[in-house]
Amino acid sequence: MHGHGHHDDEVHEHDRGLSYDLPVLARRRMIRLMAGASLIPLVGCSADDETSASSSTSSSSSSSSSSSPSSSSSAECATIPNETAGPYPGDGSNGVNVLKESGVVRSDIRSSFGDSAGGTAEGVPLTITLTVVDAASGCGTAKEGAAVYLWHCDREGNYSLYSEGVTEENYLRGVQETDDKGQVTFTSIFPACYSGRWPHIHFEVYGSLADATAATSITNTSQLAFPKDVCDTVYATDGYSKSVSNLSQLSLETDGIFSDGYDQQLATMAGSVEKGYTATLTIPV
């Protein structure tokens, strides 16, 4: 398994690169054009995952952690756009499988667990709350008892289990079962912007916690995007210097994953560097 300590040399390895994503992006745009001809209202949705792609037909589903699923209800509710899980999922689809390890079900994902090296990821504090709702009900029904596996890179842009220097770590990865509000909340750190990709968080939705810890029957695979103003503020702090130059060469509109629309994936943010940030997103499945 190859690490990616030098991101400038491995832009196309992250998330399989544009050469992998563009064919499905083209198909998604064609679907949009056909939908537009039928006067179906469209919203921006993102690219593909490793197995499927879906077009979007509703408005943004982003919400704060205090809002209920019913606040996202509408006559039509599109599922979260499916995206690539990338080359570093740790879900068994690319060699390494962290989901079957004891300790992966947790809310605080800043430190490694089990027999790993025991390191802790440093960075600006970030609390992530995801609300899983039923798209078929117009996003008005919470998906209690589902499960979410979430992972992202560290402050240096490295992924635990894969990247050079952190292959023995498994921090910034965790699984949780949704509560009666359809919510899971993770305590983490703000991820870096590595070369070639807009700052993001990966997640997979499973029908149950048993499915997640068995690494089987993924329902949805997608990514959360961060607003530029928050990224600029965070990356001006110590430890994120590489992210400043990387971000300056990107935009949400040119990112290989989010370029065809990101309304459903752009997190709602609150907080500060001093007190930490919260990122919230509603996930229709």
Side-chain angles (χ1 to χ4, degrees), residues 1-25 46-54 80-106 109 112-117 119 121 147-154 156-176 186 188 191-207 209-225 255-258 265:
M1 193 66 61
H2 297 289
H4 69 285
H6 301 289
H7 297 297
D8 290 332
D9 297 331
E10 299 187 30
V11 172
H12 297 293
E13 185 178 359
H14 278 292
D15 301 316
R16 303 267 177 128
L18 291 179
S19 61
Y20 176 83
D21 293 322
L22 285 176
V24 179
L25 280 169
S46 195
D48 59 289
D49 72 350
E50 293 177 334
T51 57
S52 66
S54 64
I80 192 77
N82 278 314
E83 309 290 9
T84 174
Y88 309 116
D91 61 359
S93 62
N94 191 19
V96 182
N97 192 340
V98 73
L99 294 177
K100 295 184 178 181
E101 294 187 17
S102 176
V104 72
V105 180
R106 59 189 185 143
I109 62 174
S112 292
F113 63 90
D115 296 328
S116 61
V148 177
Y149 168 42
L150 179 147
W151 73 99
H152 61 83
C153 69
D154 62 19
E156 296 297 321
N158 296 318
Y159 283 87
S160 66
L161 302 175
Y162 295 91
S163 300
E164 182 179 356
V166 293
T167 56
E168 300 302 315
E169 304 288 355
N170 56 26
Y171 55 52
L172 305 182
R173 299 177 182 273
V175 176
Q176 282 195 71
F186 294 91
S188 191
C193 175
Y194 55 77
S195 179
R197 277 303 319 276
W198 189 261
H200 61 282
I201 287 177
H202 296 267
F203 60 87
E204 293 171 346
V205 181
Y206 292 80
L209 186 61
D211 284 347
T213 53
T216 187
S217 302
I218 299 172
T219 301
N220 302 83
T221 302
S222 196
Q223 298 180 24
L224 172 154
D255 179 73
I257 295 297
F258 300 123
Q265 296 161 290

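Reckoned from all heavy atoms, side chains included, excluding hydrogens, waters and symmetry mates.
To the nearest 0.5 Å, the span separating CZ on Arg197 from CD on Gln223 amounts to 4.5 Å. Atom CG of Leu161 and atom CZ of Arg173 lie 4.5 Å apart (nearest 0.5 Å). Rounding to the nearest 0.5 Å places CD1 of Ile80 at 13.5 Å from OG1 of Thr219. Note that the CD1 atom of Ile218 and the OH atom of Tyr206 stand 3.5 Å from one another [nearest 0.5 Å]. The line from CG of Asn170 to OG of Ser112 is 4.5 Å long, rounded to the nearest 0.5 Å. Residue Gln265 holds its CD atom at 14.0 Å from CH2 of Trp198, rounded to the nearest 0.5 Å.
Checked against side chain to side chain contact (heavy atoms under 4.5 Å, CB included), Asn97 has the following partners two or more places apart in sequence or in another chain: Leu99, Lys100, Ala215. Considering only residues two or more places apart in sequence or on other chains, Tyr149 meets the ring-ring contact (aromatic ring centres under 6.0 Å, His included) condition with Trp151. Every residue two or more places apart in sequence or in another chain that forms a side chain to side chain contact (heavy atoms under 4.5 Å, CB included) with Ser188 is listed here: Ile109, Ile128, His152, Leu172.
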Requested in this report: Go through the steps for Glu204 and Thr221 under the test side chain to side chain contact (heavy atoms under 4.5 Å, CB included), then give the verdict.
Outcome: CA-CA 4 Å; Glu204 293 171 346; Thr221 302; 3.8 Å; yes
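Proximity of His200 to Tyr194: side-chain heavy atoms (C-beta onward) are separated by under 4.5 Å at one or more points. Contact annotation: the side chain of Pro87 approaches that of Asn94 to within less than 4.5 Å [non-hydrogen atoms, C-beta and beyond].
Here the closest heavy-atom approach between residue Val98 and residue Phe113 is recorded as CG2-CZ, 3.7 Å. When every heavy atom of Ala147 is checked against every heavy atom of Ala212, the shortest pair comes out as CB-CB, 3.9 Å. Of all heavy-atom pairs spanning Cys153 and Pro191, the tightest one is O-CB, 3.5 Å. Closest heavy-atom contact between Ser222 and Pro81: OG-O, 2.7 Å.
Checking side-chain atoms of Glu168 against main-chain N and O of Gly119 turns up no donor-acceptor pair under 3.5 Å. Side-chain N or O atoms of Tyr162 include one that pairs as donor or acceptor with a backbone N or O of Gly90 at under 3.5 Å.
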